[in-house]
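See structure below.
Numbered from 1 within each chain, the chains take letters A, B, ... in sequence-line order.
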Amino acid sequence: MVPRGYSSLTIFYCKSFFVDLIIWRKMRMDYKAQVTNSILSVLNGELTSADIYEKLEQPKTLAMGDLAFPAFVLAKVFHKAPNQIAADLVEKIDQASYEKVEAKGAYINFFLDKGKVASNVLTTIIEEGSTYGQNENGKGGNVPIDMSSPNIAKPISMGHLRSTVIGNSIANILRKNGYHPIKDNHLGDWGTQFGKLIVAYRKWGNEDDVKKDPINNLVKYYVKFHQEDKAHPELDDEARETFKKLEDGDKEEVELWKWFRRVSLESFNKIYDKLGVKFDTYNGEAFYNDKMDEGINILKDKGLLVESQGAQVVNLDKYDLNPALILKSDGATLYITRDIATAIYRDRTYQPAMNLYVVGSEQTYYFKQLKAVLLEMGLHSAANLHHIPFGLITVNGKKLSTRSGRIILLDEVLNDAIELAEQQIAEKNPDLENKEEVAKQVGVGAIIFGDLKNERTNNIDFVLEDQLKFEGETGPYVQYSHARAESILRKAGSLNFHTADKALDDPSAWETITALNEFPGIVESACKDFEPSEIAKYSLRLAKAFNKYYAHSKVLVKDDKLGARLGLVKAVSIVLKEALNLLGVQAPDAM
RNA sequence: GUCGCAAUAGCUCAGCUGGAUAGAGCAACGGUCUUCUAAACCGUAGGUCGAGAGUUCGAAUCUCUCUUGCGACACCA
């Protein structure tokens with residue numbers, strides 16, 4: 001879409017400008033390319049530049065250099081021992097632009113010019129500020145994200161945390177990569193359970209209780225219904241009739257449903273506020289309830305819908321999948337029928353570059369089927385549908401379930417974390433301003449970070465004390481590192497890092513500088529993999545390097561490198577804050 | 001039963017498209033606050049990378065078999 005007032009020529013110009021900017025930046029920051037050229041120039045075409053680039057690796061420790069080329073690959077060509085090849089090549093390489101280049105075993109280790117790199121990296125970060133690491137790979141493409149999706153009249157548990165927090169972080173990462181994410185809370189706000197709920201409310205509920213504590217009371221009615229219907233099966237018939245009335249638009253039932261939905265959403269929003277997560281849309285199942293015919297008709301028109309044991313299914317043999325059941329034998333719709341309607345709606349409304357579903361890994365097979373059906377239907381965005389699975393949360397190895405009482409309320413966990421953060425502040429920094437706000441940021445940050453730091457698909461056995469850790473590899477650790485950086489900058493007062501010579505060649509700062517330089521690449525990779533944990537792990541690496549640095553070298557010493565050191569501290573603060581923000585975690589300036 | 005995912009230090013996990021002595025964090029033990037906030041830093045100890053075979057100059061990483069655990073297997077969502 002071309003905005004009014006901009007000619008396509010302008011757009012073209014902007015685009016090419018961006019491309020140039022990216023290439024230019026990469027040339028400046030991509031030391032791998034520099035090393036590739038150095039090696040290429042001493043070979044006689046035995047390897048292409050792509051071969052070399054691909055083979056370059058990062059040594060295990062910085063003591064072994066910044067980039068290394070393993071000479072094994074040349075052993076066959078030269079008919080010599082890799083060690084010898086490495087030694088020979090080092091003799092020929094022009095070392096002028098490096099600190100040093102040395103052969104160690106079969107490896108050629110390149111040590112970059114620390115002063116020059118530091119100057120480049122720090123200048124870039126301070127100039128670009130929070131936009132450091134931003135790229136335009138997404139070209140503004142829309143990306144609806146199906147996430148969170150709690151059920152109306154049921155509490156939000158730790159299980160919902162994962163979808164919410166992962167989806168939110170992926171949205172942030174997408175934006176950083178030039179996409180336009182659309183966070184959609186696909187509420188479970190329709191279905192026969194509302195018949196049950198309305199019946200239960202009328203029998204055992206009252207308005208005041210629901211107003212006082214909506215979720216807990218609604219759940220109570222719902223649970224009671226399930227206890228009672230064992231002895232009184234006629235309740236189920238009543239519930240079915242009530243839901244039918246609701247579907248037919250009966251005024252009283254619709255009013256009740258709207259009310260339940262509204263109070264549930266109000267209570268959900270309190271938790272979302274605490275988490276700092278906002279949604280763009282709340283198009284739940286009810287929203288799609290009247291939009292299912294179109295999908296069914298497309299399937300019919302294309303001859304994809306066939307009868308099987310009385311039900312309507314789509315055969316998916318050619319995808320090596322079981323048939324997808326679209327309509328029940330009584331003609332009723334199913335989960336997938338609504339998801340088809342949803343996909344059509346999103347396809348038409350957003351023309352998505354990608355279509356993301358942040359849903360538990362137990363639904364992996366289902367999403368394969370959904371994607372296959374949409375591909376068969378010829379939906380444009382079907383090929384770019386990605387299920388983003390995440391691991392199960394269990395308690396003592398068992399699945400959470402409301403009925404069996406194995407439920408962990410997210411709100412309680414968040415409150416526990418905030419309370420603990422308050423205690424810590426009272427102990428460690430009692431004079432802190434806006435304690436409550438910081439306690440919230442730290443407590444909630446610990447929970448969010450704890451969820452995001454490991455690979456998405458890992459299962460988590462919930463142990464409260466594991467969640468409430470503020471030491472070691474945790475959110476508060478990264479927040480603390482950022483707060484310390486800010487504290488140093490405050491103490492520096494009017495001393496300016498902008499005018500400083502950034503040629504910091506202090507070896508103790510090198511680990512931090514190389515970490516800073518990695519950020520843009522991590523941003524791209526995390527986007528490609530839909531993996532917030534890459535950002536979380538990166539932030540830990542940077543925080544660790546910085547903590548080590550300032551524990552061993554004093555920043556605020558008046559010498560000719562003071563400006564450079566302040567530049568480093570400023571850059572660390574910028575990047576740590578941005579990394580945390582990508583995870584959806586706040587970065588207080590003091591804690 | 002079929003398919004999918006996992007198995008790395010006491011615990012929780014990293015380990016990028018195969019590469020140099022397998023790394024963190026907790027927990028344990030020991031050190032560092034009159035010097036930019038000790039939510040930190042430094043050190044010690046801790047491992048047949050589930051088992052076996054194969055591919056390779058080289059395997060925690062790739063292939064196969066097996067074991068164990070978790071999940072999914074149409075009229076729930």
Side-chain angles (χ1 to χ4, degrees), chain A residues 54-55 57-61 64 68 70 72-73 75-76 81-82 104-107 109 149 151 188 191-193 285 308-313 320-336 338-339 359-366 368-369 389 391-392 394 397 399 421 424-425 427-429 431-432 442 446 450 453-455 457-461 463 465-466 469-481 483-492 521 525 529 533-534 537 540-541 543-544 546-557 565 569 590-591:
Chain A
E54 220 173 274
K55 280 286 169 193
E57 53 189 83
Q58 229 178 339
K60 283 193 189 293
T61 68
M64 294 191 278
F72 303 102
V73 273
K76 276 184 189 157
K104 190 156 193 186
Y107 290 85
N109 292 337
S149 313
N151 292 318
T192 45
Q193 73 264 28
E285 293 176 346
S308 168
Q309 297 169 37
Q312 298 292 315
V313 308
D320 209 15
L321 293 167
N322 293 329
L325 184 60
I326 309 290
L327 292 173
K328 297 203 239 179
S329 39
D330 64 358
T333 58
L334 282 150
Y335 189 48
I336 197 168
R338 265 183 294 281
D339 268 337
V359 180
S361 56
E362 67 272 20
Q363 291 193 38
T364 298
Y365 191 81
Y366 166 77
K368 280 185 187 165
Q369 289 181 310
L392 213 59
T394 53
K399 233 174 145 171
Q424 300 266 345
I425 290 168
E427 252 174 64
K428 296 170 197 287
N429 199 354
D431 300 329
L432 183 69
V442 172
K453 86 170 166 187
N454 293 135
E455 209 179 319
T457 48
N458 291 356
N459 291 341
I460 297 174
D461 197 45
V463 179
E465 58 192 53
D466 287 353
K469 286 228 167 90
F470 291 0
E471 284 164 21
E473 296 177 330
T474 63
Y477 175 89
V478 180
Q479 290 173 316
Y480 179 75
S481 312
R484 289 297 302 270
E486 280 300 309
S487 166
I488 293 172
L489 294 170
R490 277 196 299 277
K491 287 235 157 63
S525 166
D529 301 335
S533 71
E534 291 180 26
K537 277 173 202 140
L540 283 170
R541 204 148 24 94
K544 232 180 260 187
F546 177 64
N547 277 332
K548 198 199 275 184
Y549 169 72
Y550 79 72
H552 294 102
S553 344
K554 178 116 174 140
V555 173
L556 296 172
V557 180
R565 287 193 300 272
V569 175
M591 63 186 270

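Put simply, the side chain of A:Arg565 gets close to the backbone of A:Val555: a donor and an acceptor are under 3.5 Å apart. Formation of a donor-acceptor pair under 3.5 Å by the A:Tyr365 side chain with backbone atoms of A:Asn322 is found in this model.
Taking the C1' atoms as reference points, B:C49 lies 13 Å from B:C13, given to the whole Å. B:A24 and B:G47 are spaced 14 Å apart, taking the C1' atom of each and rounding to whole Å.
Pairing for B:G23 goes to B:C13, judged as Watson-Crick or G-U wobble with the two contacts each under 3.5 Å. In a base pair of the Watson-Crick type (N1 to N3 plus N6-O4 or O6-N4) or a G-U wobble (N1-O2 and O6-N3), with each distance short of 3.5 Å, B:A7 is matched with B:U67. Here B:G43 sits opposite B:C29 as a Watson-Crick or G-U wobble pair (both hydrogen-bonding atom distances under 3.5 Å). Across all strands shown, nothing is found opposite B:G58 as a Watson-Crick or G-U wobble partner with both distances under 3.5 Å. Here B:U2 sits opposite B:A72 as a Watson-Crick or G-U wobble pair (both hydrogen-bonding atom distances under 3.5 Å).
A:Lys453 comes within 4.0 angstrom of nothing in the nucleic acid, heavy atoms only. Contact annotation for A:Pro82: no contact, since no heavy-atom pair falls under 4.0 Å across all strands. No contact: A:Glu534 has no heavy atom under 4.0 Å from any strand. When heavy atoms are screened at a 4.0 angstrom cut-off, A:Ala311 is found touching base atoms of the nucleic acid. Note on A:Tyr365: only backbone sugar-phosphate atoms sit closer than 4.0 angstrom, heavy atoms only; bases stay farther off. Base engagement by A:Ser329 is indicated by at least one non-hydrogen atom pair under 4.0 Å involving a base atom. Within 4.0 Å of A:Ser553, counting heavy atoms only, lies at least one base atom of the nucleic acid. A:Tyr477 comes within contact range of the sugar-phosphate backbone alone, with a heavy-atom separation under 4.0 Å but no base atom that close. Note on A:Ala106: nothing from the nucleic acid sits closer than 4.0 angstrom, heavy atoms only. Among the protein residues, A:Asp330 comes within range of no part of the nucleic acid, since none of its heavy atoms lies under 4.0 Å from any strand. Residue A:Asn429 is in base contact, counting any heavy-atom pair closer than 4.0 Å across all strands shown. Residue contacts shown for A:Lys554 include a base, since a base heavy atom lies under 4.0 Å away. Across all strands shown, A:Ser308 has heavy atoms under 4.0 Å from base atoms, whether or not it also approaches the sugar-phosphate. A:Leu334 comes within contact range of the sugar-phosphate backbone alone, with a heavy-atom separation under 4.0 Å but no base atom that close.
Rounded to whole Å, the distance from CD on A:Glu427 to P on B:A39 is 9 Å.
Here the side chains of A:Val359 and A:Tyr366 are not in contact, with every heavy-atom distance at 4.5 Å or above.
Side-chain proximity of A:Asn322 to B:U37, B:A20, B:C73: nearest is B:C73. For A:Gln309, whose side chain is taken as the heavy atoms from C-beta onward, the closest listed nucleotide among B:A74, B:A39, B:C36 is B:A74. Proximity note for A:Tyr480 (side chain, C-beta onward) versus B:C42, B:U37, B:C76: the nearest is B:U37. Proximity note for A:Glu471 (side chain, C-beta onward) versus B:A40, B:A72, B:G25: the nearest is B:A40. Out of B:A20, B:C70, B:G15, the shortest distance to the side chain of A:Lys537 is found at B:G15.
Within 3.5 Å, a donor on the side chain of A:Asn109 pairs with an acceptor on the base of B:A20, or the reverse. Checked by distance alone, A:Ser481 brings no side-chain donor or acceptor within 3.5 Å of a matching partner on the base of B:A40. One cannot find a donor-acceptor pair under 3.5 Å joining the base of B:C36 and the side-chain atoms of A:Ser487.
Contact between A:Lys453 and A:Glu473 at its shortest, heavy atoms only, is NZ-O, 3.0 Å.
Comparing A:Gly105 and A:Arg338 by the nucleotide of RNA chain B that holds the closest heavy atom to each, the one mapping nearer the 5' end is A:Gly105.
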